[in-house]
A.B. asks: 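Pasting in a structure now, in structure tokens, and then I'll have a few things to ask.
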Amino acid sequence: MRTIQVNASRSYEIHIGAGLLPEAGEKIRPFCPGGLCAVVTDDIVDGLYADRLEQSLASADLRVVKFVFSHGEQGKNAENYLSLLNFLAESGLTRADCVVALGGGVPGDLAGFAAATYLRGVGFVQIPTTLLAAVDSSVGGKTAIDLPAGKNLAGAFYQPDLVLCDTDTLATLPDKQFRAGCAEVIKYAMLFDAEMFSDLMVSGPAFRPESVIARCVEFKREIVTADEFDRGCRQLLNLGHTVGHAVEKLSGFTVLHGQAVAIGMSVIARACAENDLCSPDCSRALDDILIRFGLPVACPYGADALAAAMTADKKRHGDAITLVVPRDVGECVLYELAADELGDFIKAGLK
Ligand code: NAD
Ligand code: GLY
């Protein structure tokens, strides 16, 4: 097991390794002096892991109530958020108790936003069960729900008290979901680590999860420590996300978040190569690794549709939008563009 410490507005540990779920009760107990845990999960993860988690919590003398919603991005909505708040209130959860998110980024983001806002903040533990949640969404305190106008438009920065990443849970993850998580892994390599990028090109998806997850989490820890509230370098973590969120939205969320990020990274790198911001070799290397991982690189939407979908993006401020652009493999920078130039810029990146 590896333990990584985050020192942000709240300091907490992230444990990564096999066999952690049975130890969850003992590890969560110190963060739940009131003794009541509200487990929040989706219907698929519920059937796979909730019993094991509940047994572990019960063996640590923790009482459990459980909120289960239908899986998928559509679950991250205002209706579920309100139902969850009502559920916490009806269950009598207090500030001495905690919300435990069990699952991928969807339960994590929804549960986290409820934990941040119910009673103005209660205990919060993340138990990620997707690769994407392990390397990204369970760490760093971004919580959110989607609004009809766009993704993650209502949310809060709220750091967890603890993150338990049991790598055994990845065994049941469908291949398509695992690969979608790989897009976020490739994102970290593209942003910060050319050596990791080369290693991933060799291993493909058969990498050792514990060490790769730990490496990504270490990068994220550094960024979150430096810029918890996303005003500077944390925006680098949005590589591929501006176009990616637009692709997700235009597809009616049939394209998975990780797949959309892969498309977004590819489009931006190609646009950068066309605009002399990076070399064609850099863009090609990114496409090669995405294809090696079975991820999509071709964007099914045109520049006008993408630009329109991007106008509601959080990364827009006034008449400008901040993009993350690669300079080389392992090196990316923030790049400000006038919102009305976005369509033309993106067009250059569409095959
Ligand atoms: P998800 O939570 O919907 O999980 C994907 C699918 O995998 C679901 O159907 C789920 O039921 C299933 N699943 C989860 N764990 C499983 C397991 N171990 N075995 C079998 N099936 C399993 O989606 P995700 O890809 O984990 O996360 C995507 C979400 O995360 C998006 O909403 C995105 O916006 C958000 N996100 C948030 C942050 C952040 O910093 N808060 C960062 C990146 C992404
Ligand atoms: N996933 C982007 C961030 O946490 O900032």
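Order of appearance sets the numbers: ligands from 1, and atoms from 1 within every ligand. Remember, it's a predicted structure, so these values are computed and weren't measured experimentally.
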A.B. asks: Please tabulate, one line per pair, the protein nitrogen or oxygen atoms found under 3.5 angstrom from a nitrogen or oxygen of ligand 1, with distances to 0.1 Å, or say none if there are no such pairs.
C.D. replies:
| unit_1 | atom_1 | unit_2 | atom_2 | d |
| --- | --- | --- | --- | --- |
| ligand 1 | 2 (O) | G105 | N | 3.2 |
| ligand 1 | 2 (O) | V106 | N | 3.0 |
| ligand 1 | 11 (O) | D42 | OD1 | 3.1 |
| ligand 1 | 11 (O) | D42 | OD2 | 2.8 |
| ligand 1 | 15 (N) | T129 | O | 3.3 |
| ligand 1 | 15 (N) | T129 | OG1 | 2.7 |
| ligand 1 | 18 (N) | T129 | O | 2.9 |
| ligand 1 | 18 (N) | T169 | O | 2.9 |
| ligand 1 | 18 (N) | T172 | OG1 | 3.4 |
| ligand 1 | 19 (N) | T172 | O | 3.4 |
| ligand 1 | 19 (N) | T172 | OG1 | 2.7 |
| ligand 1 | 26 (O) | G105 | N | 2.8 |
| ligand 1 | 26 (O) | T130 | OG1 | 2.7 |
| ligand 1 | 27 (O) | G105 | N | 3.2 |
| ligand 1 | 32 (O) | E73 | OE1 | 2.5 |
| ligand 1 | 32 (O) | E73 | OE2 | 3.3 |
| ligand 1 | 32 (O) | K76 | NZ | 2.8 |
| ligand 1 | 32 (O) | K151 | NZ | 3.4 |
| ligand 1 | 34 (O) | K76 | NZ | 3.1 |
| ligand 1 | 34 (O) | K151 | NZ | 2.7 |
| ligand 1 | 41 (N) | D109 | OD1 | 2.9 |
| ligand 1 | 41 (N) | K142 | O | 2.8 |

A.B. asks: Do ligand 2 and K187 have nitrogen or oxygen atoms that lie under 3.5 Å from each other?
C.D. replies: no
A.B. asks: Can you confirm, on distance only, whether ligand 2 has an N/O atom lying under 3.5 Å from any N/O atom belonging to K142?
C.D. replies: yes
A.B. asks: For a side-chain contact (heavy atoms from CB on, under 4.5 Å) with L164, tell me which candidate from Q126, H15, M1 qualifies.
C.D. replies: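 When Q126, H15, M1 are each tested with L164, the side-chain contact (heavy atoms from CB on, under 4.5 Å) holds only for H15.
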A.B. asks: Using a strict threshold of under 4.0 Å (side-chain N to carboxylate O), is an ion pair present between K187 and D136?
C.D. replies: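 Judged by the 4.0 Å cut-off on N to carboxylate O distance, D136 and K187 do form a salt bridge.
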A.B. asks: Of the protein's non-hydrogen atoms, which lies at the shortest distance from atom 1 (N) of ligand 2, and what is that distance?
C.D. replies: D136 OD1, 3.1 Å
A.B. asks: Assess, by modelled atom type and distance only, whether the side chains of T94 and D97 contain a donor and an acceptor separated by less than 3.5 Å.
C.D. replies: yes
A.B. asks: Just wondering, are more than 12 heavy atoms of other shown residues or ligands nearer than 6.0 Å to CD in E195?
C.D. replies: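 Count not over threshold, so no.
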A.B. asks: Is a donor from one side chain sitting under 3.5 angstrom from an acceptor on the other, for S266 and D287?
C.D. replies: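 Indeed, the side chains of S266 and D287 share at least one donor-acceptor pair under 3.5 Å.
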A.B. asks: Do you know which of V68, V100, I127 makes side-chain contact (heavy atoms from CB on, under 4.5 Å) with T41?
C.D. replies: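 Checked V68, V100, I127 against T41; only one passes side-chain contact (heavy atoms from CB on, under 4.5 Å): V68.
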A.B. asks: Regarding R2 and E210, does a basic nitrogen lie under 4.0 Å from an acidic carboxylate oxygen?
C.D. replies: yes
A.B. asks: Would you please say whether a donor-acceptor pair under 3.5 Å links the side chains of N152 and K142?
C.D. replies: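 The answer is no; no qualifying pair exists.
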A.B. asks: Return yes when K220 approaches ligand 2 closer than 4.0 angstrom through a heavy atom, no otherwise.
C.D. replies: yes
